[in-house]
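To start, the structure under review is shown below, and the notes come after it.
Each chain gets a letter, A, B and so on, in the order its sequence line appears, and its residues count up from 1.
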Amino acid sequence: MNYEQIIQLALERGFYFPSCEIYSDAPAGFWEYGPSGTSLKNKFIELWRRELVRRDRMWEIDGSQIMSKSVFVASGHLSSFADPIATCQKCKSIFRADKMIAEITSIVVPESADLSEFDTIIKEKNVTCPKCHGTFDSVRKFNMMFKVGIGPQSEDAYLRPETCQSIFVDFPRLFKTMRGKLPIGIAQIGKSFRNEISPRQSLLRLREFYQAEIEVFCNPNKLNDLERFSEIENTELRLMTDDRIQVMSCKEAVDSKVLPNKLVAYYLGILVEFYQKTGIDISKSRFRKLGEKEKAFYASSAFDFEVETTVGWLELVACNYRSDYDLKSHSVTSKEKFEVLDDNEKVLPHVFEISMGIDRSLYTILEHGFREDKENDRIVLSIKPYLAPIHVGVLSLVKKDGLAEKTDEIFLNLRRKFDTFLDHSGAIGRRYRRLDEVGAPFAITVDHQTLQDDTVTMRMRDSMNQERIKISELEHHLENHVAYP
RNA sequence: GCGGAGUUAGUCCAGCCCGGCACGACGUCAGCUUCCCAAGCUGAAGGUCGCGGGUUCAAAUCCCGCACUCCGCACCA
């Protein structure tokens with residue numbers, strides 16, 4: 001099983017495919033979800049809501065994707081979310097200016113330095129193109145945000161490069177009007193946009209992608225004062241520090257100081273419990289503590305939740321302790337007050353963030369669920385029943401003798417409650433195979449016995465076993481088996 | 001962005017060297033058959049041959065440019 005097979009399945013069975021594919025000017029890095037993919041995504045998001053938002057009583061918001069320039073002045077994205085780039089005048093090769101200078105002259109110029117500093121060093125040290133020894137144009141910044149023009153005057157604004165900025169910007173109003181009490185999580189699902197230099201591998205590196213972000217606002221003096229920690233204290237985490245994965249409970253992780261405090265451990269704990277329920281193989285996962293150089297510019301400590309796939313370790317979630325970086329800078333830029341009362345103590349909350357990549361998570365669910373059943377010559381998507389795009393196929397064994405009509409009747413009774421697929425045509429085995437490929441956990445089939453005793457067969461996707469079941473019990477039976485855990 | 005390899009129906013692909021009606025399989029659809037796992041028979045639909053330009057009486061095929069995909073480099077909040 002590999003990446004190629006997953007993308008083939010995705011294209012053939014309506015999970016996802018390239019955007020604007022009929023036109024030759026379709027830019028890279030944009031993909032669409034088809035019916036199966038959309039159904040899977042909706043169910044994944046519902047699971048996320050159940051296991052994180054509702055479980056922790058977070059607030060969920062839905063902010064706008066276009067945000068004002070000031071937001072990104074304050075957030076630092078305008079200056080920091082950009083790479084200094086040097087272009088060779090002769091061969092047009094493009095290099096990261098800071099990396100190239102460091103390599104050739106061993107002089108370390110910080111990435112965020114003034115552009116003229118790069119030019120000065122390039123001139124003084126006579127740095128030329130590593131490929132053709134041509135001379136360079138002036139160093140410029142390539143900002144990874146998409147700029148948009150608002151209204152007839154085309155005022156600068158930007159597509160958000162992460163969903164969380166609206167959570168920070170909205171925090172003062174939300175905390176006041178929703179009767180907030182620290183610690184409080186604010187969650188958001190939505191699209192983010194990054195102008196990647198080189199998008200790759202379909203859903204794994206997109207220019208337009210879905211994030212599910214949670215920002216937990218907390219009192220920095222009470223990070224170990226968390227009653228609900230007991231819910232997850234025995235939950236096992238696979239923590240990677242110094243190139244080694246250690247499996248330990250959340251409690252052990254805090255006690256041994258591998259994790260800085262109970263608040264961080266609690267959220268990593270409920271996160272891993274969520275991922276267990278997605279069917280992703282947790283034994284192929286790790287929380288990797290990022291080193292100083294790998295961390296984002298706003299993070300004071302960071303753990304990536306990574307999963308092993310056929311294309312290597314894949315970062316699904318970035319967990320960043322952002323301290324008061326965001327609230328402080330928005331407060332300074334906007335003059336809005338972000339301090340809140342916590343037990344009569346005035347505090348500027350710190351933020352712990354759980355920033356999930358939905359598209360990558362969905363890819364991993366597909367890959368970890370993909371099974372080549374050689375014995376039965378079939379491909380099976382063994383995903384959790386509650387995530388399956390189709391819950392149940394409704395089939396007639398043959399069309400004649402009134403079986404089709406009976407099948408239609410059953411279908412009409414089920415279609416509002418479940419994601420169903422009605423199919424009368426072709427060989428029964430072929431129809432079962434098709435359902436296996438979209439991960440439908442059940443298929444019910446109307447046969448001649450149905451007309452005599454009002455029972456149908458129910459076939460299980462993974463085992464291919466069948467049992468007979470009364471039509472009157474179908475709904476109840478399915479409800480039990482496709483319910484969220 | 002760079003280097004390499006590719007791009008022909010929903011999918012896999014033949015044809016390209018040597019220009020002359022775009023081939024086959026799988027899949028899809030309809031009918032027949034069929035009492036449970038990709039069976040069989042009959043028929044059908046489905047193509048801007050990645051895009052644009054050039055050469056030619058004639059281009060999937062030869063030439064030029066571009067885009068996209070994959071691999072590697074670089075990049076990756």
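Rounded to the nearest Å, the gap between the P atom of B/C36 and that of B/A25 is 29 Å. B/A39 and B/A30 are spaced 16 Å apart, taking the P atom of each and rounding to whole Å. When the P atom is compared between B/C64 and B/G4, the two are found 14 Å apart, to the nearest whole Å. Rounded to whole Å, the P atom of B/A5 lies 15 Å from the corresponding atom of B/G65. Taking atom P on both nucleotides, B/C26 is separated from B/U42 by 13 Å, rounded to a whole Å. B/G6 and B/C21: their P atoms are spaced 25 Å apart (whole Å). Between B/U48 and B/U8, the two P atoms lie 12 Å apart (nearest whole Å). Comparing the P positions of B/C75 and B/U7 gives a spacing of 31 Å, expressed to the nearest Å.
Across all strands, A/Gln8 comes closer than 4.0 Å only to sugar-phosphate atoms, never to a base (heavy-atom distances). Using a 4.0 Å heavy-atom criterion, one finds that A/Ala28 contacts the sugar-phosphate atoms exclusively. A/Thr457 comes within 4.0 angstrom of a nucleotide base, judged by non-hydrogen atoms across all strands.
Separating the CE atom of A/Met145 from the P atom of B/C76 is a distance of 16 Å, rounded to the nearest angstrom. If you take CH2 of A/Trp31 and P of B/U69, they are 7 Å apart, rounded to a whole angstrom. One atom, CG of A/Asp462, and another, P of B/C37, lie 19 Å apart when rounded to the nearest Å. The distance from atom CG of A/Leu314 to atom C1' of B/C76 is 12 Å, rounded to the nearest whole Å. Rounded to whole Å, atom C1' of B/U28 lies 11 Å from atom CD of A/Glu12. Across the protein-nucleic acid pair, A/Arg288 atom CZ and B/C76 atom C1' stand 12 Å apart, rounded to whole Å. In this structure, A/Met356 atom CE and B/A77 atom C1' are separated by 16 Å, rounded to whole Å. For the pair A/Met144 CE and B/C75 C1', the interatomic distance rounds to 8 Å; values are reported in whole Å.
Residue A/Lys400 places at least one side-chain N or O under 4.0 Å from the OP1 or OP2 atom of B/U34. Contact between the side-chain N/O atoms of A/Tyr3 and the OP1/OP2 oxygens of B/C70 is found at a separation under 4.0 Å. The side chain of A/Lys399 places no N or O atom within less than 4.0 Å of a non-bridging phosphate oxygen (OP1 or OP2) of B/C32.
Across all strands shown, nothing is found opposite B/A60 as a Watson-Crick or G-U wobble partner with both distances under 3.5 Å. Base pairing of B/A5: its partner is B/U69, meeting the Watson-Crick or G-U wobble criterion (both donor-acceptor distances under 3.5 Å). Across the strands present, B/C16 finds no partner; the criterion is a Watson-Crick or G-U wobble pair with both atom distances under 3.5 angstrom. The pairing partner recorded for B/C41 is B/G31, the criterion being a Watson-Crick or G-U wobble arrangement whose two distances lie under 3.5 angstrom. Judged by Watson-Crick or G-U wobble contacts below 3.5 Å, the nucleotide B/A25 has B/U11 as its partner.
Side-chain contact between A/Ile471 and A/Lys406 is present, with at least one heavy-atom pair separated by less than 4.5 Å. In this structure, the side chains of A/Arg160 and A/Gln165 stay at 4.5 Å or more apart for every pair of heavy atoms. Using a 4.5 Å heavy-atom cutoff, the side chains of A/Asp447 and A/Arg468 are in contact.
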Run the ring pair (Phe, Tyr, Trp, His ring centres under 6.0 Å) test on A/Phe274 and A/Phe44 for me, step by step, so that the C-alpha distance in whole Å, both residues' side-chain angles and the decisive distance to 0.1 Å come before the verdict. CA-CA 10 Å; A/Phe274 160 74; A/Phe44 174 86; 5.4 Å; yes
Output, in order, the C-alpha distance, side-chain angles, deciding distance and verdict of side chain to side chain donor-acceptor pair (under 3.5 Å) for A/Ser355 and A/Glu162. CA-CA 9 Å; A/Ser355 172; A/Glu162 50 179 7; over 6 Å; no
Any chance you could list the contact pattern along nucleotides 38-49 of chain B? Use B for base contacts, S for sugar-phosphate-only contacts and - for none, protein heavy atoms under 4.0 Å, 5' to 3'. BS--------B-
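Considering A/Ile428, A/Val456, A/Leu403 as possible partners of A/Thr445, the one that fulfils the side chain to side chain contact (heavy atoms under 4.5 Å, CB included) test is A/Ile428. Among A/Phe217, A/Tyr321, A/Tyr325, the single residue meeting the ring-ring contact (aromatic ring centres under 6.0 Å, His included) criterion with A/His350 is A/Tyr321.
Judged by closest nucleotide on RNA chain B, A/Met460 is the one of A/Met460 and A/Arg194 placed further toward the 5' end. When the nearest nucleotides of RNA chain B are assigned to A/Ala318 and A/Val311 by heavy-atom distance, the more 5′-ward of the two goes with A/Val311.
Considering only the side chain of A/Arg205, B/C76 comes nearest among B/A77, B/C76, B/C37.
A salt bridge does not link A/Glu213 to A/Arg322: none of the charged nitrogens lies less than 4.0 Å from a carboxylate oxygen.
Nearest heavy-atom pair across A/Pro385 and A/His391 is O-CD2, 3.5 Å.
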